[in-house]
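Being a predicted model, the structure only gives us computed values, none of them experimental. FYI, the numbering just counts along the sequence from 1.
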Amino acid sequence: EPTNPLSEVTDLRLGGTKLRWTITNDKRTCESFSEIVITNNQPPSVYAGLDQRDLCSATAKLTAEDVDGGTGRWSLAENSSGKFDENTSAITTITGLQKGENHLVWTVEVQGCPNSDTVVVINNLPSEPNPGPVQSDCSDEFIMAANEPVIGRGFWTKYSATGTFENDTSPTTQITGVGLGENIFTWNTQNEHCKLSENVSITNNNPSDAEAGTNQIRCNTLASLQANEPVIGSGFWQISSGGGSILDIDSSSTQIIEL
């Protein structure tokens with residue numbers, strides 16, 4: 001309404017706009033006028049960069065755009081976390097992103113007038129895996145004690161081991177047929193395409209199976225013994241019934257006399 005002294009003006013361009021208010025007499029032969037300048041300091045469209053939705057990290061590089069004549073600053077929206085290396089730099093790095101969505105705001109201010117854009121950064125890392133304590137026993141059966149992931153799912157794999165999982169997706173599954181000696185099992189947590197892993201040592205302390213050799217029938221008081229050499233542990237002879245004298249009880253290949 002150009003004839004209304006209390007009118008509003010819209011669609012002001014960036015920078016200064018000069019406006020004139022003119023008063024004329026009834027015949028429009030004489031006039032007086034006054035001019036004012038209205039400056040629109042609203043920054044042009046602000047760009048915070050592309051959303052990042054496939055991160056497997058708590059660190060991200062941010063690539064916003066600067067605005068000529070303006071000053072910019074990064075900030076965290078509600079329910080987001082992280083630390084900016086340089087919060088006044090359009091291109092910077094943020095660390096310590098919480099798992100899940102983070103909304104990061106790039107605000108540019110020109111002569112006291114702000115404008116903002118928000119970028120979404122998603123940290124898809126699952127919960128940290130905890131495979132439970134190291135276990136060692138004279139057994140080939142063990143109960144595992146990993147953590148249940150809050151974010152993502154968990155599953156067991158064999159890193160350097162022998163054994164069968166009763167349920168490889170259960171953090172507290174039973175493992176049977178664990179090989180002799182040290183076995184390394186891995187508890188994995190996975191969310192989307194992001195995976196974390198941690199190993200645990202499970203040791204079956206049982207020795208190698210003992211093989212004493214074949215039964216013998218002798219016509220004298222001496223016999224040669226031929227047992228298996230243990231791969232794990234050490235072997236020794238002892239007389240469980242009858243009589244005699246073993247020449248070297250710690251040798252798998254020895255003789256017994258005085259039968």
Under 3.5 Å, is there a donor-acceptor pair between the side chain of Lys158 and the main chain of Gly163? yes

Flag, side chain of Gln190 to backbone of His193, donor-acceptor distance under 3.5 Å: no

Going by side-chain contact (heavy atoms from CB on, under 4.5 Å), name the residues that satisfy it together with [X], two or more places apart in sequence or in a different chain.
X	result
Val150	Ser127
Ile23	Trp21, Ser32
Glu211	Asn228
Leu19	Val9, Thr17, Ile36, Ile38

Are Val119 and Gln52 close enough, and set up right, to give a side-chain contact (heavy atoms from CB on, under 4.5 Å), and what steps lead you there? CA-CA 8 Å; Val119 63; Gln52 301 181 51; 5.5 Å; no

Could you tabulate the donor-acceptor pairs under 3.5 Å formed by side-chain atoms of residues 249-256, not counting sequence neighbours?
| unit_1 | atom_1 | unit_2 | atom_2 | d |
| --- | --- | --- | --- | --- |
| Ser251 | OG | Ser253 | N | 3.2 |
| Ser251 | OG | Ser253 | O | 2.9 |
| Ser252 | OG | Glu229 | OE1 | 2.8 |
| Ser253 | OG | Gln226 | OE1 | 3.0 |
| Ser253 | OG | Gln226 | NE2 | 2.8 |
| Thr254 | OG1 | Asp248 | N | 3.1 |

In terms of heavy-atom contacts, Asn204 and Gly179 come closest through CB-O, 3.1 Å

Locate the shortest heavy-atom distance separating Val200 from Trp156; write the atom from each residue and the value. CG1-CZ3, 4.1 Å

Judged by modelled atom types alone, do Ser136 and Asn205 share a side-chain donor-acceptor pair under 3.5 Å? yes

Given Leu76 and Ile94, is the side-chain contact (heavy atoms from CB on, under 4.5 Å) satisfied, shown in steps? CA-CA 11 Å; Leu76 297 169; Ile94 184 171; 4.1 Å; yes

Pairs flagged by disulfide (SG to SG under 2.5 Å) wherever residues 65-110 is involved - sequence neighbours left out: none

Filter on disulfide (SG to SG under 2.5 Å), then keep only pairs touching residues 121-160, sequence neighbours left out; what's left? none

Where do Val46 and Trp106 land on the side-chain contact (heavy atoms from CB on, under 4.5 Å) test, with the steps shown first? CA-CA 8 Å; Val46 175; Trp106 175 240; 3.4 Å; yes

Below 3.5 Å, can you tabulate the donor-acceptor pairs from side chains in residues 165-173 to any protein atom, sequence neighbours excluded?
| unit_1 | atom_1 | unit_2 | atom_2 | d |
| --- | --- | --- | --- | --- |
| Asn167 | OD1 | Thr169 | N | 3.1 |
| Asn167 | OD1 | Thr169 | OG1 | 2.9 |
| Ser170 | OG | Thr172 | N | 3.3 |
| Thr173 | OG1 | Glu166 | N | 3.4 |
| Thr173 | OG1 | Asn167 | N | 2.8 |
| Thr173 | OG1 | Asn167 | O | 3.2 |

Mind checking what makes side-chain hydrogen bond (donor to acceptor under 3.5 Å, both in side chains) contact with Glu182, not counting sequence neighbours? Ser201

Show me the donor-acceptor pairs, under 3.5 Å and distance only, between side chains in residues 214-225 and residues at least two apart or in other chains.
| unit_1 | atom_1 | unit_2 | atom_2 | d |
| --- | --- | --- | --- | --- |
| Gln216 | NE2 | Ser224 | O | 2.8 |
| Arg218 | NE | Leu222 | O | 3.4 |
| Asn220 | OD1 | Leu222 | N | 3.0 |

Taking salt bridge (charged side-chain N to carboxylate O under 4.0 Å, His left out) as the test, write out the residues that go with Asp51, two or more places apart. Arg53

For residues 56-68, dump all side-chain donor-acceptor pairs below 3.5 Å to protein atoms at least two apart in sequence or in another chain.
| unit_1 | atom_1 | unit_2 | atom_2 | d |
| --- | --- | --- | --- | --- |
| Ser57 | OG | Thr59 | N | 2.9 |
| Ser57 | OG | Thr59 | O | 3.3 |

Any side-chain heavy-atom pair of Pro126 and Cys194 under 4.5 Å: yes

